[in-house]
Structure formats: C-alpha cells, structure tokens
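This report refers to the structure that appears directly beneath it.
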Amino acid sequence: MLFRSAEREDVHFVASLVFDTDPSHFKRAFGRKANKCVSELVLLNSPLNIRHMTVCEVSGQPVAIYALYSIKEMSQLASSRPNLRDFVPSLSKFRLLLEFRTLQKAMRMSISPNQSYLGIISVERNFRNMGLARMIFDYLFETCQEIVLDVSRSNTRALSIYIRYGFRPETRLPRDYPLKDCIRLKSTRKTTG
C-alpha cells in the first residue's frame, strides 16, 4: 500500500469518503446539498482540509483516506480564522460555517505531546473487508507513539473495528472534552515510533 499526501485532484474522492463516514450527520447539517458542501469543506482551511489528508493507494488506485494530527496541528486548526467571504450569503454557506466551527471545537480537545489524533479514517466501500484498514493501522502504529480518536457511541460498527485493532476507551478524558455523544479511544498496541 502506498501512502501519499492528498492533492487537489483528490477532492472528489476525499469528500466522498468524508461524507461516507457519517452520512446522516452531513445530511442533517447540509440537507440536499450535503455532497457539495462536504466538497467545499475539504477545500476550506478546515480540519478536514485536503492538506491534512493522506490517500492510501493499492496498485495506483485510491482506496482509503486518513487524517492524523499532532498537538501542534490541532492547535493551529483550532485557532485559524475562517475567511467569512467563503460563507455568505446563502443558508447552505451559513451551515458550512457552523460545521467548520464544530470541526474547530474538535481540534481544541487535548491530547498529550506523545499522542497523535486520528480525525478520520475511511475505506472506499468497494474495498472494505479486504484487510486494508488493518494495513493502515499497522502503518500508523509503526509511525506513532500513541493514537487517540473519537467515535460516536451509536456507531457500533466503527467501535467494534477500533476495539479489534487494539483501541480501548480512555478512562481519563481531558477536562475540555466537549463531545457528549462520543467516546475517546486510545491505542493499546505497542508501537515502535
């Protein structure tokens, strides 16, 4: 598997996988224009920006994405100011701004300096159940000391996958943990990084 930084040409692929991680959330946030708005979000300086994505390829074909953040990157994203001209004058643009700010709140959550925050991981539907997520996690565990992530309590499929790959619920949440419907998981696998 090849891991490379996402490029502007990957916007459609990245946006489709971002949308696929939680379609009901994005449909609630953006309504009928959800797919278009997610593409715009990927192009803005949001935490889901194309510059923060890694595309995973097999035989030259993109099959998955992930976004891994250091404590420094999270701090920069949390404090970045959106260009308000990108968000006016329509209702969908206002909804886009609200989602942008929600993502910024997620970047304000504490992680320790030896941790990396996995903001998103998604495998294209046609390539699921082929061991690709395992390959991505193996790679991440080789390169990171400890990985933390947040997942919705109701997303039982993702929870079971993360637990199978060696993540466990964090017992000591940061004081600034704002996600009431989510649970923080951290890696328990020994890493070489």
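Within a 6.0 Å sphere centred on CG of Asn114, other residues, nucleotides and ligands contribute more than 12 heavy atoms.
With contacts defined as side-chain heavy-atom distances shorter than 4.5 Å, the pair Ile50/Val11 qualifies. With a 4.5 Å cut-off on side-chain heavy atoms, Tyr117 and Asp150 count as touching. Two residues are said to be in side-chain contact when any heavy atoms from C-beta on lie closer than 4.5 Å; Ser24 and Asp22 meet this criterion. Side chains of Lys36 and Phe30 form no contact here, defined as non-hydrogen atoms less than 4.5 Å apart. Residues Pro113 and Gln145 have side chains not in contact (no heavy-atom distance under 4.5 Å, counting atoms from C-beta outward). For the pair Val18 and Ile65, the minimum side-chain heavy-atom distance is below 4.5 Å.
For the residue pair Val14 and Ala6, the shortest heavy atom distance occurs at CG2-CB, 4.3 Å. Val55 and Pro62 make their closest contact through CG1-CB, 3.8 Å (heavy atoms, listed as atom of the first residue, atom of the second, distance). Heavy atoms only, all atoms of each residue included: Ser112 and Ile71 are closest at C-CD1, 4.3 Å. Counting all heavy atoms, side chain and backbone alike, Arg153 lies closest to Leu159 at O-CD1, 3.5 Å. Taking each heavy atom of Arg164 and Arg134 in turn, the nearest pair found is O-NH2, 4.0 Å. Taking all atoms of both residues into account, the shortest heavy-atom contact from Leu149 to Leu118 is CB-O, 3.5 Å.
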Exercise for the section: Walk me through it: do Glu124 and Leu132 pass the test side-chain contact (heavy atoms from CB on, under 4.5 Å)? Expected result: CA-CA 10 Å; Glu124 213 272 331; Leu132 299 175; over 6 Å; no
Handout entry: Audit row: Phe141, Ile147, side-chain contact (heavy atoms from CB on, under 4.5 Å) steps and yes/no
Key = CA-CA 8 Å; Phe141 288 137; Ile147 301 169; 3.8 Å; yes
Problem - Steps toward ring-ring contact (aromatic ring centres under 6.0 Å, His included) verdict (Tyr66, Phe137) - result: CA-CA 10 Å; Tyr66 71 84; Phe137 279 114; 9.0 Å; no
Problem - Test log, rule side-chain contact (heavy atoms from CB on, under 4.5 Å), inputs Arg184 and Val148 - result: CA-CA 7 Å; Arg184 172 158 288 181; Val148 295; 4.3 Å; yes
Handout entry: Verdict with reasoning, Lys186 to Arg168, per side-chain contact (heavy atoms from CB on, under 4.5 Å)
Key = CA-CA 6 Å; Lys186 73 175 183 176; Arg168 297 292 176 256; 5.7 Å; no
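Atom OG1 of residue Thr143 and atom CG of residue Leu68 lie 7.0 Å apart, to the nearest 0.5 angstrom. Taking SG of Cys37 as the reference point, atom CD of Glu40 lies at 5.5 Å (rounded to 0.5 Å). Going from atom CZ of Phe26 over to atom CD of Glu99 covers 5.5 Å, rounded to the nearest 0.5 Å. Between Leu2 atom CG and Gln61 atom CD the span is 13.0 Å, to the nearest 0.5 Å. The OG atom of Ser16 sits 5.5 Å away from the NE2 atom of His12 when rounded to the nearest 0.5 Å. The distance from the CG atom of Leu185 to the OH atom of Tyr162 is 8.0 Å, given to the nearest 0.5 Å.
With 3.5 Å as the limit, one finds no donor-acceptor pair spanning the side chains of Asp138 and Tyr165.
In terms of the salt bridge (charged side-chain N to carboxylate O under 4.0 Å, His left out) criterion, residue partners of Arg125 (sequence neighbours excluded) are, by chain and number, Asp20. In terms of the side chain to side chain contact (heavy atoms under 4.5 Å, CB included) criterion, residue partners of Asn49 (sequence neighbours excluded) are, by chain and number, Asn45, Arg51, His52.
If you chain together hydrophobic residues whose side chains sit under 4.5 Å apart, Val58 and Phe3 fall into the same group. Cluster membership check: Met130 shares its hydrophobic cluster with Val63, using side-chain heavy-atom separations under 4.5 Å among Ile, Leu, Val, Met, Phe, Trp and Tyr.
Of the possible polar contacts, none joining the Glu142 side chain to the Tyr139 backbone as a donor-acceptor pair under 3.5 Å is found. Side chain of Glu7 to main chain of Glu9: no donor-acceptor pair is present (N/O by atom type, distance under 3.5 Å, no hydrogens or angles).
Under the 4.0 Å criterion applied to side-chain N and carboxylate O atoms, Arg4 and Asp10 are assigned as salt-bridge partners.
A side chain to side chain contact (heavy atoms under 4.5 Å, CB included) with Tyr69 holds for exactly one of Ser75, Pro47, Ser116; it is Pro47.
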